[in-house]
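The basis for the numbers below is simple: all heavy atoms, side chains too, and nothing from hydrogens, waters or symmetry mates. Order of the sequence lines fixes the chain letters, A, B, ..., with proteins taken first and strands second; residue numbering starts at 1 for each chain.
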Amino acid sequence: MKILPQEHIVLIRQAIESARAAGDLPAFDLPEIRVQPPARPEHGDYASPVAMQLAKLARKAPLEIAEIIVRHLPEAPFLGGASVAKPGFINFRLNEDWLKQQVEAIIAEGDALFTLERGKGQRAQVEFVSANPTGPLHIGRTRGAVIGDTIARLLEALGYDVEREYYFNNAGRQMEMLGRTLQARYLQALGHDAALPEEGYAGEYMKDIAAQLVEEVGDSWLEQDWQPFKEYAEKIIFGWIRDSLLRLGVRHDVFFNENSLYEDGAVWRTLDALREQGYIYEAPVWEGASEEERAAAGDAAPATWFRTTRLGDDKDRVLVKASGEPTYTLPDIAYHVNKFERGFDLLVNVLGADHGLQYQTVRRGLQALGYDPSKLHVVIHQMVRIYKDGRLIKGSTRAGDVIPLDDVMDQVGPDPVRYFLLARSPNTDVDFDLDLAIAHNNENPVYYIQNAHVRCAGIFRMAEARGFSDEDADLSLLGEQEMVFLRQALRMGEMLLYAVDEMAPHQLAVFALDTARIFHPMYDTVRVFHSEVPEDVARARLRFYRAARIVFRRLLTLMGMNAPDFM
RNA sequence: GCCCCCUUAGCUCAGUGGAUAGAGCAGCUGCCUUCUAAGCAGUUGGCCGAGGGUUCGAAUCCUUCAGGGGGCGCCA
């Protein structure tokens with residue numbers, strides 16, 4: 001399908017060239033030409049302020065420039081006309097016959113509607129969720145899952161070959177605590193006296209795992225140390241996470257274990273590479289430390305520091321602790337080096353706001369090693385606040401005070417979860433009111449959008465029952481309302497490009513709702529099977545609704561939601 | 001103290017330097033004999049946090065300030 005603003009820009013450029021050749025416009029460097037749908041439909045389908053931008057360069061009045069451009073505008077099948085409006089806008093109208101014929105173009109593309117060329121032949125990777133297996137997936141993490149998966153779907157729509165990756169660590173202190181917690185719960189389940197470790201995981205789910213373990217091995221693990229418990233807990237919890245994600249429509253292609261970066265020596269190679277570039281030193285405190293900091297450190301053992309201040313940081317960062325153990329940051333840099341070495345053309349990393357600083361250090365590491373950091377897009381989303389009974393729930397996996405995703409999906413289903421977490425800009429905090437999500441589910445935008453698809457499906461059930469076909473429909477019989485819908489549908493391509501360029505997947509949710517807003521009033525009056533609708537008009541309308549159904553199925557699929565036939 | 005995000009209708013939020021700033025929810029008035037009323041029609045509601053700047057043009061860009069959220073470990 002055509003991306004209409006781009007097509008219009010080509011025409012404007014040609015018009016300016018031709019105006020210059022004719023001596024109507026002087027020579028000047030062309031600024032970026034913008035074409036957008038105007039705020040008000042009576043101004044046309046697309047509009048450009050280019051003449052106003054050019055006024056100074058061409059030393060002519062905007063209105064005059066606009067007239068000149070319009071006069072030199074070449075013809076195009078989609079172009080119905082162009083006019084000049086007051087301050088100096090050029091307004092374009094689509095050719096109505098062409099517009100009506102787009103019904104066939106939409107049907108021809110089907111489920112691949114608006115699959116673009118942008119990423120053709122290129123590989124993209126999206127890393128998201130990346131939660132360590134210490135507890136069930138909770139609603140806060142789910143925001144990253146929804147944003148990441150939707151970005152992946154958008155990239156696929158742009159023609160990229162996309163890989164979804166999940167990075168995890170099953171070797172650290174967190175996991176030891178998990179093992180020790182299960183050990184304690186196991187002993188308790190068998191009636192022994194055992195205290196939870198101080199930094200253990202207090203959530204009820206650890207009791208469930210213990211009960212399951214007792215059922216499997218009885219009392220034969222009484223003398224076991226924490227390691228087998230850790231492995232058992234990890235296996236169970238990863239199963240939960242995978243199942244929850246699957247239920248949400250999210251499936252990762254690669255699970256990348258941080259440990260492998262130690263096994264193949266990548267962690268230390270990364271440190272050596274940074275050292276070679278002169279970014280590494282050993283010291284008890286960082287080079288720029290104040291007297292107080294130095295005094296506080298006393299004669300502590302030296303740690304290994306990354307001179308990030310040379311790259312704009314206000315403080316250097318530790319990569320290897322005095323104990324000789326790396327911090328989380330070093331393997332994370334090594335991991336991103338690994339990603340770059342795998343030859344992706346585009347990397348996306350979806351993180352919660354609490355990791356904002358971390359990624360800065362990783363980015364500086366990549367920069368220090370000579371990688372092009374512009375290839376890496378980091379999407380940082382703000383937090384999800386959950387309200388239940390009007391009360392804010394502070395989520396901590398360790399304290400067990402979290403709402404598991406599955407509990408929410410049990411109550412509202414996966415589609416509203418996806419929609420609510422997608423529909424807001426990643427930059428905004430989300431207030432997820434559980435009571436509202438459940439109680440008001442009939443007045444949800446989710447169902448408003450899905451109902452558009454349901455209504456289309458209903459028309460085709462009726463068509464089938466009556467044996468009525470849309471073959472050889474005469475699309476010229478379509479009316480004004482159908483054209484309003486088609487104009488909106490044809491803007492989908494622009495929206496997809498914008499959503500990816502800005503890493504703003506919520507654009508999809510906004511666009512889907514806008515499209516449904518146009519659909520429902522139209523459906524109310526543009527009937528197919530009605531005694532007053534002549535057969536040839538009915539045929540054209542049925543053809544049109546076939547296209548409309550494809551539009552909604554495509555939008556819902558891109559959002560990872562169902563496109564139901566019944567509700 | 002430093003960094004990031006937010007501030008737009010009663011509430012929750014969209015808004016890509018362009019023309020008269022938009023939805024949903026809540027409120028009010030109507031509409032089911034025709035393909036799903038989870039819908040439609042109508043209506044109420046705005047100093048776009050405040051000041052300054054850039055621009056032909058600012059909710060949008062820059063800057064100062066105020067208010068709210070989050071982050072600032074040799075944790076992961």
For this session: To the nearest Å, give me how far apart CG (A:L542) and C1' (B:U34) are.
Result: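 The distance from CG of A:L542 to C1' of B:U34 comes to 16 Å, rounded to the nearest Å.
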Less than 4.0 angstrom between a side-chain N/O of [X] and OP1 or OP2 of [N], yes or no?
X	N	result
A:H381	B:G70	no
A:R34	B:U16	no
A:K86	B:G57	no
A:Y448	B:C40	yes
A:Q36	B:G18	yes
A:K315	B:C2	no
A:Q358	B:C72	no

Scan [X] against the nucleic acid and name what it touches under 4.0 Å (heavy atoms): base, sugar-phosphate only, or nothing.
X	answer
A:T428	sugar-phosphate
A:M383	nothing
A:P426	nothing
A:A423	nothing
A:Q53	base
A:V454	base
A:A322	base
A:A301	base
A:T304	nothing
A:Y523	base
A:H506	sugar-phosphate
A:V50	nothing
A:H520	sugar-phosphate

Side chain of [X] only, please: which of [options] is the nearest?
X	options	result
A:R517	B:U34, B:C13, B:A41	B:A41
A:N132	B:U34, B:A76, B:C5	B:A76
A:R424	B:U12, B:C35, B:G69	B:U12
A:K56	B:C5, B:U55, B:A19	B:U55
A:A85	B:C56, B:A19, B:G39	B:A19
A:R527	B:U36, B:A19, B:U34	B:U34
A:A353	B:A14, B:G70, B:C75	B:G70
A:E42	B:U36, B:U20, B:G39	B:U20
A:R40	B:A19, B:G15, B:C56	B:A19
A:T327	B:G15, B:U36, B:C74	B:C74

For this session: Select from A:L357 and A:E325 the residue whose nearest nucleotide in RNA chain B is closer to the 5' end of that strand.
Result: A:L357
Problem set entry | First encountered from the 5' end of RNA chain B, between A:G458 and A:W305 |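 That would be A:G458.
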Integer angstrom distance from the [atom1] of [N] to that of [M]:
N	M	atom1	value
B:G46	B:A23	P	15 Å
B:C48	B:C13	C1'	13 Å
B:C25	B:U63	C1'	37 Å
B:U16	B:U8	P	16 Å
B:G49	B:A59	P	10 Å
B:G24	B:C65	P	39 Å

Problem set entry | Anti/syn call for B:C32, syn if |chi| within 90° |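 Syn for B:C32; the angle stays within 90° of 0.
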For this session: Check each of A:Y166, A:F168, A:F256 against A:Y335 using the ring-ring contact (aromatic ring centres under 6.0 Å, His included) test, and report the only one that passes.
Result: A:F256
Problem set entry | A:F544-A:F485 aromatic ring centre distance below 6.0 Å |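 Between A:F485 and A:F544, which both carry aromatic rings, the centre distance is below 6.0 Å.
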Problem set entry | Pair of N/O donor and acceptor under 3.5 Å linking B:A37 base with A:N451 side chain |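 No pair found.
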For this session: Under 3.5 Å for both distances, Watson-Crick or G-U wobble, that's the pair rule; now give the dot-bracket for RNA chain B, with | marking pairs to another strand and [ ] for crossing ones.
Result: (((((((..((((....[...)))).(((((.......))))).....(((((..]....))))))))))))....
